[in-house]
Amino acid sequence: MIPYSTQTINDDDVEAAIQVLRHEWLTQGERVDRFETDLASYCGAEQAAAVSSGSAALHLACLAMDFGPGDVLWTSPLTFASTANCAMHCGGSVDFVDIDPATGNLSVADLERRLEEAGQKGRLPKIVIPVHYGGQSCDMAAIAGLARQYGFRVVEDAAHALGGRYRSRPVGSCAYSDCTIFSFHPVKSITTGEGGAVVTNDAELAARVRRLRSHGITREPDGFSGEASGPWYYEQAELGFNYRLTDIQAALGSSQLKRLDGFVAARRGLAQVYDRELADLPLSRPESAVDAESSWHLYPVRFPEGAHQRRAVFEGLRDAGIGTQVHYLPVHLHPYYRERGFSPGDFPQAEAFSSSVLSLPLFPGLTSGQQARVVDALAGNLPTPGPSGGLHSTV
Ligand SMILES: *Cc1c(COP(=O)(O)O)cnc(C)c1O
């Protein structure tokens with residue numbers, strides 16, 4: 001079976017993890033510090049705080065911004081559930097902004113309209129989380145402009161977009177946001193098995209995330225409110241979690257990060273082949289935004305006849321040994337969110353996109369032979385693009 005995505009691990013990665021296993025320290029330590037430095041430097045940001053998953057990164061980013069009961073967070077309905085769940089974990093609430101079907105990213109026009117309405121009702125969001133769908137950055141300059149005007153914080157969900165660029169800066173530079181979160185799940189740009197990070201230029205925010213990832217405990221004498229009873233002393237200043245990354249994972253992450261640009265180049269090359277080979281098929285291919293260079297996490301295609309055609313193609317490809325995936329079921333239509341008042345029709349662009357989209361296999365190790373199989377199987381499961389005139393010309 002050709003998967004829609006999978007990790008790329010080489011001997012250097014294996015060796016990096018083994019080296020840690022042969023030493024005495026396994027959990028969060030020096031290698032985590034080094035991975036954080038490597039990641040921040042790759043992104044051109046000042047700080048990175050590594051955590052146990054992208055979902056943990058979202059949760060802690062919100063907590064570190066004092067998001068809580070009574071607060072509202074807005075995001076895209078075309079994302080993985082955890083982009084919305086982070087609001088619920090903090091005891092706040094979530095609402096969504098519909099997407100621009102050209103990119104799958106949150107629609108800035110819609111965001112602006114919704115902010116104007118919410119401003120009149122006095123129900124503005126405290127945090128907005130734009131999701132860089134498929135690895136292509138949202139229009140961050142426009143979102144940052146609205147953030148200044150309406151006073152909300154911006155957390156970029158760049159789980160797809162490590163290695164991508166926006167206005168010639170790496171995604172994660174946080175030039176237009178308060179922080180950016182990444183995921184290192186095996187299908188993402190680089191992997192640590194499970195893992196994530198909050199990247200930011202705000203040292204205080206990073207320090208708060210680091211405290212929260214380890215139970216809310218501080219060991220820095222500067223941060224004590226009480227009297228240290230000895231060198232063993234530490235304090236729990238607030239309620240946190242165990243969201244730590246291990247040194248084993250961090251060593252793997254630093255090793256993977258060295259090859260990130262190569263991974264993205266391989267993904268881009270494969271995307272260009274799809275662009276060329278699928279050009280004559282009756283489907284729509286991903287569109288590129290002017291300011292963004294995608295990391296090509298996904299290659300989502302859409303079928304003009306919608307849900308029934310998508311299902312037939314999914315099944316046809318599965319029977320040919322090819323895995324594809326739907327990114328995403330609209331978050332607001334999961335039972336959990338329906339019970340909280342959302343229903344079909346609330347975000348029509350996201351719903352239409354979701355019902356007709358399929359992500360084709362795309363990962364650095366996809367061979368040209370495998371990619372040719374995907375293209376052939378797709379062509380075999382779609383109506384043939386005959387010369388204009390169709391039936392009439394075949395006599
Ligand atoms: C993968 C992903 C996450 C969650 O990351 P985990 O590391 O799996 O917790 C969040 N948002 C988006 C858009 C993702 O793709």
Side-chain angles (χ1 to χ4, degrees), residues 53-101 104-133 138 143 146-147 150-160 178-179 181 183 185 196 198 212 239-241 243 307 325-357:
S53 68
S55 305
L58 285 162
H59 185 188
L60 296 192
C62 292
L63 281 177
M65 291 176 178
D66 294 317
F67 183 88
D71 294 330
V72 188
L73 178 153
W74 287 5
T75 188
S76 164
L78 195 70
T79 184
F80 185 61
S82 53
T83 321
N85 292 348
C86 56
M88 311 309 292
H89 285 307
C90 296
S93 66
V94 69
D95 202 351
F96 302 90
V97 177
D98 212 349
I99 60 157
D100 175 351
N105 282 338
L106 182 144
S107 156
V108 172
D110 230 56
L111 176 61
E112 196 165 2
R113 186 177 58 75
R114 295 279 306 284
L115 285 166
E116 208 172 300
E117 284 170 14
Q120 282 159 7
K121 290 188 198 136
R123 193 83 180 116
L124 284 165
K126 180 162 182 168
I127 297 177
V128 172
I129 310 189
V131 179
H132 304 321
Y133 180 81
C138 295
I143 293 168
L146 292 169
Y150 288 95
F152 57 83
R153 314 285 303 267
V154 179
V155 176
E156 295 176 66
D157 182 340
H160 297 179
D178 294 285
C179 66
I181 74 93
S183 162
H185 180 277
V198 179
L212 284 163
L239 188 62
F241 305 84
Y243 277 169
Q325 186 60 275
V326 172
H327 295 101
Y328 286 93
L329 297 171
V331 174
H332 67 284
L333 297 183
H334 285 298
Y336 176 85
Y337 286 103
R338 287 196 198 206
E339 282 162 23
R340 282 155 186 80
F342 296 101
S343 44
D346 286 348
F347 305 101
Q349 299 290 359
E351 292 168 29
F353 191 103
S354 171
S355 69
S356 65
V357 77

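Both backbone and side-chain heavy atoms feed into the values below; hydrogens, waters and symmetry mates do not.
Two residues are said to be in side-chain contact when any heavy atoms from C-beta on lie closer than 4.5 Å; Asp98 and Ser107 fail this criterion. Side-chain contact between Asp346 and Phe96: absent, with no pair of heavy atoms (C-beta onward) separated by less than 4.5 Å.
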### Task
Verify side-chain contact (heavy atoms from CB on, under 4.5 Å) between Cys179 and Met65, making sure each step is shown before the conclusion.
CA-CA 10 Å; Cys179 66; Met65 291 176 178; 3.8 Å; yes
### Task
Go through Leu58 and Phe80 one step at a time and tell me if the side-chain contact (heavy atoms from CB on, under 4.5 Å) criterion holds.
CA-CA 12 Å; Leu58 285 162; Phe80 185 61; over 6 Å; no
### Query
Under the side-chain contact (heavy atoms from CB on, under 4.5 Å) criterion, do Val131 and Leu106 qualify, and how do the steps go?
CA-CA 7 Å; Val131 179; Leu106 182 144; over 6 Å; no
### Message
What verdict does the side-chain contact (heavy atoms from CB on, under 4.5 Å) test give for Arg338 and Leu333, after you've listed the backbone C-alpha separation in whole Å, the side-chain angles of each residue and the deciding distance to 0.1 Å?
### Response
CA-CA 6 Å; Arg338 287 196 198 206; Leu333 297 183; 3.8 Å; yes
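Salt bridge annotation for Arg123-Asp95: absent, with no cationic side-chain nitrogen under 4.0 angstrom from a carboxylate oxygen.
Remark: the backbone N or O of Thr79 is not paired with any side-chain donor or acceptor of Ser76 at under 3.5 angstrom. Between the side chain of His59 and the main chain of Cys86, no donor-acceptor pair closer than 3.5 Å is present. Of the possible donor and acceptor atoms, none in the side chain of Lys126 sits under 3.5 Å from a partner among the backbone N and O of Gly70. With hydrogens and angles disregarded, no donor-acceptor distance shorter than 3.5 Å links the side chain of Asp178 to the backbone of Val155.
The minimum heavy-atom distance between Phe152 and Ile143, with the atom names listed, is CZ-O, 4.0 Å. In terms of heavy atoms, Gly92 sits closest to Phe67 at CA-CE2, 3.8 Å. Nearest heavy atoms, Ala350 versus Pro77: CB-CG, 3.5 Å. Considering every non-hydrogen atom in both Leu73 and Ala87, the closest pair reads CB-CB, 3.8 Å. Closest approach of Leu63 to Phe241, counting heavy atoms only: CD1-CE1, 3.6 Å. Contact between Met88 and Ser93 at its shortest, heavy atoms only, is SD-CA, 4.3 Å.
Taking the ring centre of Phe342 as origin, the terminal cationic atom of Arg340 falls outside the region bounded by 6.0 Å and 45° from the ring axis.
Atom CG of residue Leu78 and atom CD1 of residue Ile99 lie 5.0 Å apart, to the nearest 0.5 angstrom. One distance of note links CZ of Arg113 with CD of Glu116; it measures 9.5 Å at 0.5 Å rounding. Put simply, CZ on Arg153 and CD1 on Ile129 are 12.5 Å apart, with the number rounded to the nearest 0.5 Å. Here the CG-CG distance, from Leu111 to Leu146, works out to 5.0 Å after rounding to the nearest 0.5 Å. Of the inter-residue distances, the one linking His327 atom NE2 with Ser354 atom OG reads 11.0 Å to the nearest 0.5 angstrom. To the nearest 0.5 Å, the span separating NE2 on His89 from SG on Cys62 amounts to 10.0 Å.
Test Leu124, Val97, Ile127 against Trp74 for side chain to side chain contact (heavy atoms under 4.5 Å, CB included) and you get one pass: Val97. Each of Phe347, Tyr328, Tyr133 was compared with Phe353 under the ring pair (Phe, Tyr, Trp, His ring centres under 6.0 Å) criterion, and only Tyr133 meets it.
Using a 3.5 Å distance cut-off with no hydrogens or angles, the side chains of Tyr337 and Asn85 do pair a donor with an acceptor.
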